[in-house]
Amino acid sequence: MAKFKVAERFVSINGESVKAGELAVFIRFTGCNLNCSYCDTKWANEADAPYEELTDEEIYDYIKRTGVRNVTLTGGEPLIQKDIDKLLLMLAMDEELQVEVETNGSVDIAEFKALTDRVAFTLDYKLLGSGMESNMCFSNYNYIDKKDAVKFVSGSIKDLETARDIIHEWALDIKSNVYISPVYGKINPEDIVDFMIENEMNGVKLQLQLHKYIWDPEMRGV
């Protein structure tokens, strides 16, 4: 039986990506292999982060009790969790559930995509401002499709220029869903819109992180 360290579990709306604005049940795991400058869940990545140990069956039972069909596995980094493949397969077997994995873009998703076609992946591309850009796994862009997404959290014009170039180089706007979001408090969303217009970024969506505008940006469990 697989066991996981779960930092928090809750029901809210999805704040970003393809299902933004829809209800979702969130499972947040502890631990991450990156340390982004703007991370808003650093507390969950610390060695002494609080957690409850849950089996894959307990996680599934909790999800079903909520009555919410969208499931978001997040972190931390979900794909570095031991036996995460077992949990993904368990959730994928339930055809009522729509499962999304929020991953930081540094972990190879090939083996997980091969498990099932019923799990969607939202990949971050960590831009220069994150301090983690050198960790990105570019081969992931060979496996994504229209149910997946790539997200560029941008804090500067330099970040936006890099996002533009990566989107073009890998034809991400053709293969998948692409979003640009501002680092909260670092760049004016109007500047992102202007950049998108100037660079004719068709097929790319500006997305504000809804949960940071509805609740306090530091609030947990939302």
Side-chain angles (χ1 to χ4, degrees), residues 13-22 24 32-42 70 72 74-75 77-79 98 100-110 112-113 119-214 217:
I13 60 161
N14 233 317
E16 52 196 330
S17 198
V18 177
K19 294 185 178 295
E22 295 186 31
C32 189
N33 58 322
L34 300 184
N35 184 26
C36 297
S37 62
Y38 52 72
C39 180
D40 53 8
T41 54
K42 283 185 182 292
N70 291 328
T72 300
T74 187
E77 172 49 55
L79 297 183
Q98 301 292 320
E100 174 195 6
V101 175
E102 290 187 340
T103 178
N104 62 28
S106 71
V107 180
D108 192 332
I109 66 170
F112 303 108
K113 291 286 283 186
V119 174
F121 292 82
T122 295
L123 290 80
D124 267 6
Y125 182 92
K126 301 300 184 184
L127 293 158
L128 181 65
S130 72
M132 295 287 116
E133 188 174 13
S134 62
N135 294 278
M136 293 298 90
C137 180
F138 287 97
S139 64
N140 283 340
Y141 302 143
N142 293 316
Y143 306 109
I144 56 174
D145 54 45
K146 281 295 186 180
K147 68 176 175 294
D148 302 315
V150 183
K151 181 178 64 175
F152 296 85
V153 181
S154 306
S156 67
I157 297 300
K158 175 61 177 174
D159 279 351
L160 293 173
E161 290 171 345
T162 300
R164 174 199 62 201
D165 294 345
I166 296 296
I167 293 166
H168 178 73
E169 179 179 355
W170 290 90
L172 298 181
D173 52 333
I174 305 299
K175 296 177 181 178
S176 189
N177 300 282
V178 181
Y179 300 93
I180 296 179
S181 299
V183 177
Y184 190 81
K186 290 291 186 181
I187 189 171
N188 192 324
E190 291 181 15
D191 294 335
I192 298 178
V193 175
D194 289 341
F195 184 89
M196 292 172 66
I197 293 170
E198 292 167 5
N199 289 273
E200 300 179 359
M201 297 179 74
N202 295 294
V204 176
K205 298 180 180 70
L206 169 67
Q207 190 168 73
L208 305 181
Q209 295 174 300
L210 293 177
H211 50 290
K212 293 187 177 180
Y213 290 86
I214 298 172

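Position 1 is the first residue of the sequence, and the numbers go up from there.
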Side-chain contact test, heavy atoms from C-beta onward, threshold under 4.5 Å: evaluate it for Leu123 versus Tyr143 and give yes or no.
no
Closer than 3.5 angstrom, by distance alone: can the side chain of Asn188 be matched with the main-chain N or O of Glu190 as a donor-acceptor pair?
yes
So, the side chain of Ser181 versus the backbone of Gln207: is there a donor-acceptor pair under 3.5 Å, distance only?
yes
Tyr141 and Lys175: which non-hydrogen atoms are nearest, and at how many Å?
O-NZ, 3.0 Å
At their closest point, which heavy atom of Leu127 faces which heavy atom of Ala163, and how far apart are they?
CD2-N, 3.9 Å
Rounded to the nearest 0.5 Å, what's the gap from CG on Asp165 to CD on Glu161? Could you check?
7.5 Å
In this structure, are over 12 heavy atoms from other groups packed under 6.0 Å from Lys146 atom NZ?
yes
Would Phe138 and Ile166 count as a side-chain contact (heavy atoms from CB on, under 4.5 Å) if you check the C-alpha gap in whole Å, the side-chain angles of each, and the deciding distance to 0.1 Å?
CA-CA 10 Å; Phe138 287 97; Ile166 296 296; 3.8 Å; yes
Can you name the nearest heavy-atom pair linking Glu100 to Asn14, along with the distance?
OE1-ND2, 3.5 Å
Sorted by chain and residue number, the salt bridge (charged side-chain N to carboxylate O under 4.0 Å, His left out) partners of Lys151 (sequence neighbours excluded) come out as Glu16, Asp124
Close side-chain approach of Lys42 and Asn35, heavy atoms under 4.5 Å:
yes
So does Gly105 get a backbone contact from the side chain of Lys126, meaning a donor-acceptor N/O pair under 3.5 Å?
no
Nearest 0.5 Å, what's the CE-OG distance between Met132 and Ser130?
6.5 Å
With a 4.5 Å cut-off on side-chain heavy atoms, are Val119 and Phe112 touching?
no
Restricting to non-hydrogen atoms, name the atom on Val204 and the atom on Met196 that form the minimum distance, rounded to 0.1 Å.
O-CE, 3.3 Å
For side-chain contact (heavy atoms from CB on, under 4.5 Å), just list the numbers for Ile167 and Val150, CA-CA rounded to whole Å, side-chain angles, deciding distance to a tenth of an Å, and then say yes or no.
CA-CA 9 Å; Ile167 293 166; Val150 183; over 6 Å; no
Would you tell me whether Asn140 and Lys113 have side-chain atoms, one donor and one acceptor, within less than 3.5 Å of each other?
no
Go through it in stages, so that I can follow the logic: the residues are Asp108 and Ser139, the test is side-chain contact (heavy atoms from CB on, under 4.5 Å), and I'd like the CA-CA distance, side-chain angles, deciding distance and then a yes or no.
CA-CA 7 Å; Asp108 192 332; Ser139 64; 4.1 Å; yes
Using the test side-chain contact (heavy atoms from CB on, under 4.5 Å), find all partners of Ala120 that sit at least two apart in sequence or belong to another chain.
Lys147, Asp148
Quick one: does Asp159's side chain have a donor or acceptor within less than 3.5 Å of a partner on Gly129's backbone?
yes
Looking at every non-hydrogen atom in both residues, tell me the closest pair between Ser154 and Ile180 and how far apart they are.
OG-CG2, 3.7 Å
Tell me the closest heavy-atom pair linking Pro182 and Leu206, and the distance in Å.
CD-CD1, 4.4 Å
To the nearest 0.5 Å, atom CG of Leu34 lies from atom SG of Cys39 at 9.5 Å
Do the non-hydrogen side-chain atoms of Ile192 and Leu160 ever get within less than 4.5 Å of each other?
yes
State, yes or no, whether a side-chain contact exists between Tyr184 and Leu208 at a heavy-atom distance under 4.5 Å.
no
Could you go through the side-chain contact (heavy atoms from CB on, under 4.5 Å) check for Ile144 and Phe121 one step at a time?
CA-CA 8 Å; Ile144 56 174; Phe121 292 82; 5.7 Å; no
Tell me yes or no: between the side chains of Glu77 and Asn33, is some donor less than 3.5 Å from an acceptor?
no
